[in-house]
Protein chains: 4
Amino acid sequence: MSPRPNVSAERIPQILNAAMLVFAEKGLHQATMADVAQEVGLSKGTLYLYFTDKEALVFSVLQASLDQGYGNLEGILETDRSIKDSLLDWIQKLATQMEDTAVYLSIVYEFYALAGRKEAVRQCLHDYFVKYRKLLSSMIEKGIENGEFGRVDAALVATAILAVYEGVNVLRFTEPTDESWPLTCVRMNQLLLDSISLSSS
Amino acid sequence: MSPRPNVSAERIPQILNAAMLVFAEKGLHQATMADVAQEVGLSKGTLYLYFTDKEALVFSVLQASLDQGYGNLEGILETDRSIKDSLLDWIQKLATQMEDTAVYLSIVYEFYALAGRKEAVRQCLHDYFVKYRKLLSSMIEKGIENGEFGRVDAALVATAILAVYEGVNVLRFTEPTDESWPLTCVRMNQLLLDSISLSSS
Amino acid sequence: MSPRPNVSAERIPQILNAAMLVFAEKGLHQATMADVAQEVGLSKGTLYLYFTDKEALVFSVLQASLDQGYGNLEGILETDRSIKDSLLDWIQKLATQMEDTAVYLSIVYEFYALAGRKEAVRQCLHDYFVKYRKLLSSMIEKGIENGEFGRVDAALVATAILAVYEGVNVLRFTEPTDESWPLTCVRMNQLLLDSISLSSS
Amino acid sequence: MSPRPNVSAERIPQILNAAMLVFAEKGLHQATMADVAQEVGLSKGTLYLYFTDKEALVFSVLQASLDQGYGNLEGILETDRSIKDSLLDWIQKLATQMEDTAVYLSIVYEFYALAGRKEAVRQCLHDYFVKYRKLLSSMIEKGIENGEFGRVDAALVATAILAVYEGVNVLRFTEPTDESWPLTCVRMNQLLLDSISLSSS
DNA sequence: TATGAATGAGGGTTCATTCAT
DNA sequence: AATGAATGAACCCTCATTCAT
């Protein structure tokens, strides 16, 4: 239609990626729109063709981050393994990715901080956590039904899994040289799942 | 001796308190030195007699926060109760304080984010977590020795306790209306400690 | 001949009308080329095919406005009524239009302001006022000759008529709720023309 | 009180004067805060200690301008001369000042334009004109009472005086080389006042 | 003729920091 | 010790203008 191919579709992810990088490196506030622009290879002004605001850009980065999120949890279930093994698999995968996500963790904490002051941000994070809590919870319940787990509070365990993961991330962030964190995370969850498993521990 | 009492000693905590308030309310970056000055009732210029920098002020606030920290853990041990009960007591106390600390959590996450970019901040947080991890670890070990707990990895359990606490805080921060978080936190630790306890569960 | 009808001829008035609207609404400086483009239903780039500059567009709007001007004064004379009645007729017509021109008055004052800094604009306005001053002046003179008016300074009276109209517009602009301004304007001119009329007042 | 003398009181008029100059020279929008700052000999930032906004500065300039206004009209009355002579005296004075005020006229028209879009500005100008209209009106009435003038519509005449003055200013602004405008203005008012005077015309 | 994308200079505004008093 | 005034670097954002298609 237009004389020039519509590059909007590709520009936005480009910008988001660049922004994520720059934000992680310099911090949400220290990073300037000029920094982001330079990283994408666009001019400052062009950024504003795609995002009305720095705030809008930040928010989009948040949403893009959450869309990746904890990864494909539903897919995990579509196997014939036990719930416990499936969960541990997922956790293992998350743990393995820890290395790579470390760079972006800094932004995540800025988002958490932001959640304290911006309702929209809080809502976003809230929905995200609730979604995974529910997914995990239903898996635990399935495990209870099929006799893998005892009659535990599924929601509590689900929350615990998320909490442990988030908590380990915090601790790891202050001790990045220690490379055993992924393992620690997995072992904690093993401990947890073992403790609620019925017989074969 | 001095005609006027040296007010320096009292000024600094005054400023730190004010700064903590203002930082929590507006965010580390949105809060200006003017905001802090106004909160203490001093002029902007005077602030710089006590802190060379905004950075210095921020760092001092971080240290002051950490000095309060998780509370008196050593004191807990000086009882004749079981390790498990002592630990749960401590956790209970922490959980109870959650309500009050919520306001400041926003700064905490900004500090975490800062840790990704400022070595000094990371070091500070690191020392803090290590200190508590060691304290908890030695308690767990004492529990193993006296037969309360099985032969678990004490360091892992200690880390788990901290991780769970930190993780719950994260989740709670995005769902502040739900008031059951303190309870959730305690129950998780009960689950954890139960699972490593030998007989009497 | 050309496969497509040459739309240039119609485009320019379209653009000028749109620009006038937008300029009136937002102000000469607040109105952007994008605003104008959107109002015409063209793209920003296309605007520049018709006007080299924003300045050029503004200037064209000025000229277009002046072309409408105070309306057909010459036509007024082509009757057999007295000069005085003809003039009052014309003033009456102008006064009646006040309502409608009110919207555009805002631009007019911006043009006046511009005249203080742009020679071309001043020249334009100058020629405009001179033209009407001369027309009015010659009418007054005709009135003197045919005995309607006394031996007044025709140029002065002509200027007075214009001044009164311009002045009333200024006052009305700050008091738009009062609806008596057109009447006021007419009465002032009646007063003026009465005072220079010979007998039949 | 303060270690440094409080210069606020002198700064504000300094800034207003500078702003008036710069605004007149470059136009309300083309003039930058930096321009104004440089004119006062202050830094850009300092300007914001005294005016929250450019808008606030503009508005203050408007008010300062109006405070000077048409000059001391009340004072005129405190003589034993006739109303007519007093009024002509005042007009003469205004006319004489035309030369000096010419420079600032450009801003005045921008203010008029602004009045079309900013209620506060309109209000300001409105109050100003009303004030002088009332003053003039009461003078005319006094003239009617003491037999100087016929039973004319005092308000109409008052408005006419202002309108003529404003109108002449407009015309003069587009023909600044002609130096007879002050005279023209006076003669118009003479014509007007003569026409409403009773005997001794 | 038409346009969507891109640009970059420039303006308003903020704020950490300094300093004379 | 205390401060109010001043600074200036830096940031966000706008918008007239260009250009490849």
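Note that these values count all heavy atoms, side chains included, but never hydrogens, waters or copies made by symmetry. Throughout, a chain's letter reflects where its sequence line sits, starting with A, and its residues are numbered from 1.
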Could you give the [atom1]-to-[atom2] distance, from [X] to [N], as a whole number of Å?
| X | N | atom1 | atom2 | value |
| --- | --- | --- | --- | --- |
| D:Tyr48 | F:dC11 | OH | P | 17 Å |
| B:Phe23 | E:dC15 | CZ | C1' | 13 Å |
| B:Ile12 | F:dA1 | CD1 | C1' | 13 Å |
| D:Met33 | E:dG10 | CE | P | 19 Å |
| A:Leu57 | F:dC12 | CG | C1' | 12 Å |
| B:Leu47 | F:dG4 | CG | P | 13 Å |
| D:Lys54 | E:dT14 | NZ | C1' | 18 Å |
| A:Phe51 | F:dT14 | CZ | P | 15 Å |

Do C:Lys44 side-chain and F:dT17 base share a donor-acceptor contact under 3.5 Å?
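Yes.
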Can you see if the side chain of C:Tyr50 gets near the phosphate of E:dA2 - specifically, an N or O under 4.0 Å from OP1 or OP2?
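Yes, because at least one side-chain N or O of C:Tyr50 sits under 4.0 Å from OP1 or OP2 of E:dA2.
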Phosphate OP1/OP2 of F:dA2 contacted by B:Thr46 side-chain N/O (<4.0 Å)
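No, because none of the side-chain N or O atoms of B:Thr46 sits under 4.0 Å from OP1 or OP2 of F:dA2.
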Testing the basics here: between A:Ala24 and A:Tyr104, what is the closest heavy-atom pair and its distance to 0.1 Å?
CB-CD2, 4.1 Å
Between D:Leu57 and D:Leu16, does a side chain to side chain contact (heavy atoms under 4.5 Å, CB included) hold up when you go through it step by step?
CA-CA 8 Å; D:Leu57 177 57; D:Leu16 287 177; 4.1 Å; yes
Sugar-phosphate, base or nothing in reach of [X], heavy atoms under 4.0 Å:
| X | answer |
| --- | --- |
| D:Ser43 | base |
| B:Ala31 | sugar-phosphate |
| A:Ala37 | nothing |

Between D:Thr32 and B:Gly45, which has a closest nucleotide on DNA chain E that is more 5'?
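Nearest-nucleotide comparison on DNA chain E picks D:Thr32.
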Test side-chain contact (heavy atoms from CB on, under 4.5 Å) applied to B:Val36 and B:Leu47, B:Leu21, B:Leu42, the passing residue:
B:Leu47
From the set F:dT7, E:dT17, F:dC13, return the single nucleotide nearest to any side-chain atom of D:Leu42.
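When the side chain of D:Leu42 is considered, F:dT7 is the closest of F:dT7, E:dT17, F:dC13.
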Among the nucleotides E:dG12, F:dA1, E:dG8, which one has an atom lying closest to any side-chain atom of B:Leu49?
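When the side chain of B:Leu49 is considered, F:dA1 is the closest of E:dG12, F:dA1, E:dG8.
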Taking side chain as C-beta onward, heavy atoms only, is D:Phe111 less than 4.5 Å from D:Val58?
yes
Do D:Tyr109 and D:Leu28 touch side chain to side chain, with heavy atoms closer than 4.5 Å?
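No, side chains not in contact.
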Ranking A:Asp53 and D:Arg11 by the position along DNA chain F of their nearest nucleotide, the one closer to 5' is D:Arg11
Mapping A:Asp35 and C:Ala34 to their closest nucleotides on DNA chain F, which lands nearer the 5' end?
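Its nearest nucleotide lies further toward 5', so the answer is A:Asp35.
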Are there more than 12 heavy atoms of other residues, nucleotides or ligands under 6.0 Å from atom CD of C:Gln30?
yes
Considering residues, nucleotides and ligands other than D:Gln63, do more than 12 of their heavy atoms fall under 6.0 Å from its CD?
yes
All stems that DNA chain F takes part in, i.e. 3 or more consecutive Watson-Crick or G-U pairs with distances under 3.5 Å, are E:2-21 with F:2-21
When the aromatic ring centroids of C:Tyr112 and D:Tyr112 are compared, is their separation below 6.0 Å?
no
